[in-house]
Amino acid sequence: MQYIGGLAQQVRKSAIHDGEPRRCDYEALNSFTNTNDESSGGFIEPSGSQSFSEVDLNDTAEFSKQGLLGAKRIALFGSIVCVANNIAGPGMVVLPRVYQEAGWVVPSAVLVVVCVASSLAATYLVDAMARIPGNSRFQRRIEFVNIFDEYWGATGMQIAQAMFIINMMAQTVSSIVANAQVVDSFIVFLNPYRTTYALEVFPHPHFISWSPPLEVIPAAAAAQHSREAAALCHEVNAVPFADLPGAEGRLLVSLGYVFLALLLVPMSNMNLDDNVIIQKVSFYMLVVLSIEFLVQFWAQGLTHHTVPAFGTNYSHVVGSILFNYAFIAIIPSWLNEKRQDVSVNLTVWTSTVGSTVLYILTGLMGACAYTRAEGNFLNALSNECSPLVTRVSAFLFAFGIIGLGIPFNCIVTRYSLLVGRVCGPRSSSFWAVWFPWLVSWLVYGGGLFNEVIAWSGDLDLGPINFVLPIMVSLTAVGVGTWGFRGKADKEARPSGEAAPKYGLAQIAQEEDEEDEVNRPTSVEPLP
C-alpha cells in the first residue's frame, strides 16, 4: 500500500474463496496528525458513516494533541534499550534459585528455546500489524489489543485485553515488590541506627521496625576476609521483615515501598518517547552492574554449591523463564513511537540474544556462588554480608533497572486502555499507574513474590506473549480464524457468507500468488 502526501488513496484487497477472486474496497486513511476533532474532550463515538479506522484515528489524534500519546521519535539504540530493559525485569532475580533447584541443563535449554520463540512471536505479531488495512508502514495508532479487534472482533479483543492487563499487572506488581525489598535494605544501609520501618496492616495495625539479625554483624565482618565466612554469612536470613514472628501471615506497607512510589509514580504518567532518556540511563546501568555482579559471583567463589546437570525441582523453570521474555505485548506500543527507519528484526533479536546470554551467566554463576540462593538474589547482594561496592550496585540495580521498568509497564498499560477505548484518560491512569501500587503490598512477603512470578508465567504470560500472537498472525495470512470474525472480515462478507479457511497443510494453488494475504510486508521474521 502506498500513501502519498497524506492524500486518500483507494486500496483493493483480494481474497480467494472457492477458487474465485473476491474483492472489497477499503477507504484509505489520512495521517492521524491531520485528522482530529478539536471539540472532543474524550472518546468519539462512531456515527453511522464512520468506520472503526476513522474513529481510531480521530481518537488518537485528540489524545496526541492532549499529550496523552507520544510521537514517532525513538531511534534504533533507544528501541534496543526499551526492549532489552523490558526483558531484564524481576524474573531475572530468581534465576540463581531456579538453577540450584533444576540443574543447569534444563533451564539453559529452556532459555535458548524461549529466546528464539519470543523473537519469532514478536516479529510475526509485527507482520500481522502491517497487514491491517491502512497500516502497512504503521501509520495508525494500533496497540496490542487493537490487533485482535481487527482480526478476531470484539470477543477476541476482550479475551486479549483481559490477558494483557493480567500480564502487565503481574510484571508491574513483581517489579514493585522486588524493588521495595531492596530499597528497605538501602534504608538500613543509610540509617545510622541500621533500621527500617513499616506499617503493619494485618493482623495488628501498628508501626513496626526491622534491623538485620544480631548474628549478621560479626558474620558480616568476617565475610570481608574469607570466602567461606561470606558463604556462611549469606545463610542467615537478612530479608527485611522476613525473620519477624508471624512474618508469613503479616501484611505491611514498608518505608521503602512508600519511598519508591513517590519516585516512580510521576514517571509513570509520562509518554513512551519522553521516557526513552530514562530507559537509556537504565540500560547503561544494566550493563555495568551486571558485569559487577558476575565479578562478585566469581570473587565469592563458584564452589559453594555444586549445580548438577539435572536437579530435582522443575516446578519454577517454565514460569520463571517465560516471565523473563514477557515483552511481546509491549512491541506494538514501541512500534507506534519508533522512527520509520528502525529495523524491527535488529531491535528484537539483538535484545533477546543479548539478554539470554546474560541470563545464563547470572543463573549459573549465582547458583554456584551461594550455598542457598534467595528467591530474590538482590537480597543476598544487598545485605551486610556482601562487599560495599556490591551492596551499592544491588541498590542501583533494583532502582535503575527493575524500578525504572515500572513506569515503562505503566505507560504501555495506559496506552492500551486508552487506545483500546476501555477507559478514558483519567480511568486509564488510575488502573495503569495507581492500582498496582494499591495492591502490590499484599505480596510483599518473599514466598508470595516467588509464586506470583511462577504462576503468572505459567497461566498468563505464556499464552499472551507466545500463543495468541502466533494465532492472530496465522489469521492475518488466512490460515484459520479460530472461530472469531474480525472487522475486516465482516466488511469483506456483508452478506454473512462463510469465511474462507486455509488449511495448515493445504497444497499451494497457482492463484494463491495473487491472494492479498500472501503479499510481503515491511517485516521479515528472521534477521
Side-chain angles (χ1 to χ4, degrees), residues 29-72 129 132 134-135 139-150 152-173 261 264-275 329-330 332-337 406-440 464 487:
L29 306 169
N30 289 328
S31 167
F32 70 78
T33 56
N34 297 323
T35 308
N36 60 76
D37 183 349
E38 295 189 7
S39 64
S40 172
F43 294 112
I44 305 173
E45 296 297 332
S47 66
S49 61
Q50 279 185 305
S51 68
F52 164 80
S53 300
E54 289 170 331
V55 176
D56 175 37
L57 291 180
N58 283 334
D59 283 350
T60 54
E62 184 63 30
F63 294 149
S64 298
K65 183 178 178 180
Q66 296 175 13
L68 299 173
L69 300 172
K72 291 182 174 292
M129 287 183 64
I132 294 175
N135 198 49
Q139 302 95 316
R140 293 169 56 185
R141 182 87 197 196
I142 295 177
E143 295 296 332
F144 182 81
V145 296
N146 299 127
I147 305 171
F148 297 89
D149 190 26
E150 289 282 351
W152 291 356
T155 302
M157 185 189 75
Q158 290 168 1
I159 294 173
Q161 183 74 271
M163 297 185 70
F164 174 82
I165 292 173
I166 294 173
N167 168 63
M168 299 307 295
M169 287 297 176
Q171 292 192 69
T172 304
V173 167
L264 298 182
V265 167
M267 298 182 191
S268 301
N269 286 299
M270 301 171 68
N271 288 327
L272 204 58
D273 57 340
D274 298 323
N275 193 254
I330 65 96
S333 296
W334 159 67
L335 273 179
N336 289 325
E337 299 187 14
I406 294 171
F408 187 94
N409 289 339
C410 293
I411 292 169
V412 171
T413 306
R414 177 166 56 86
Y415 281 177
S416 180
L417 294 173
L418 192 61
V419 178
R421 297 186 297 282
V422 175
C423 302
R426 292 183 179 178
S427 296
S428 61
S429 292
F430 170 79
W431 290 109
V433 178
W434 292 100
F435 182 74
W437 290 97
L438 295 176
V439 300
S440 295
I464 195 68
K487 291 181 177 293

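Note that the coordinates shown come from a computational prediction; the quantities given were computed from them, not determined experimentally.
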Measure across [X] and [Y] and return the closest heavy-atom pair with its distance rounded to 0.1 Å.
X	Y	result
F148	F144	CD1-O, 3.3 Å
M168	T413	CB-OG1, 3.2 Å
A432	C410	O-SG, 3.3 Å

So, do [X] and [Y] sit near enough that their side-chain heavy atoms are less than 4.5 Å apart?
X	Y	result
M163	I159	yes
Y415	E337	yes
V412	F164	yes

Exercise for the section: Write out all pairs satisfying side chain to side chain donor-acceptor pair (under 3.5 Å) with one or both partners inside residues 428-438, taking only residues at least two apart or from two chains. Expected result: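 Applying side chain to side chain donor-acceptor pair (under 3.5 Å) to every pair that reaches into residues 428-438, excluding sequence neighbours, yields nothing.
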Practice task
Quick one: list whatever passes side chain to side chain donor-acceptor pair (under 3.5 Å) with S333, sequence neighbours left out.
Solution key: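 Here the qualifying residues are E143.
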Handout entry: side chain to side chain donor-acceptor pair (under 3.5 Å) partners of S416, counting only residues at least two apart
Key = Q161
Handout entry: Any residue meeting side-chain contact (heavy atoms from CB on, under 4.5 Å) with M169, in chain and number order, not counting sequence neighbours
Key = I165, F435, P436
Problem - For M129, all residues meeting side-chain contact (heavy atoms from CB on, under 4.5 Å), sequence neighbours excluded - result: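 Checked M129 against side-chain contact (heavy atoms from CB on, under 4.5 Å); matches are N135, F138, I142, I147, P332, L335.
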Exercise for the section: Spell out, as yes or no, whether a donor-acceptor pair under 3.5 Å connects the side chain of R414 to the backbone of P425. Expected result: no
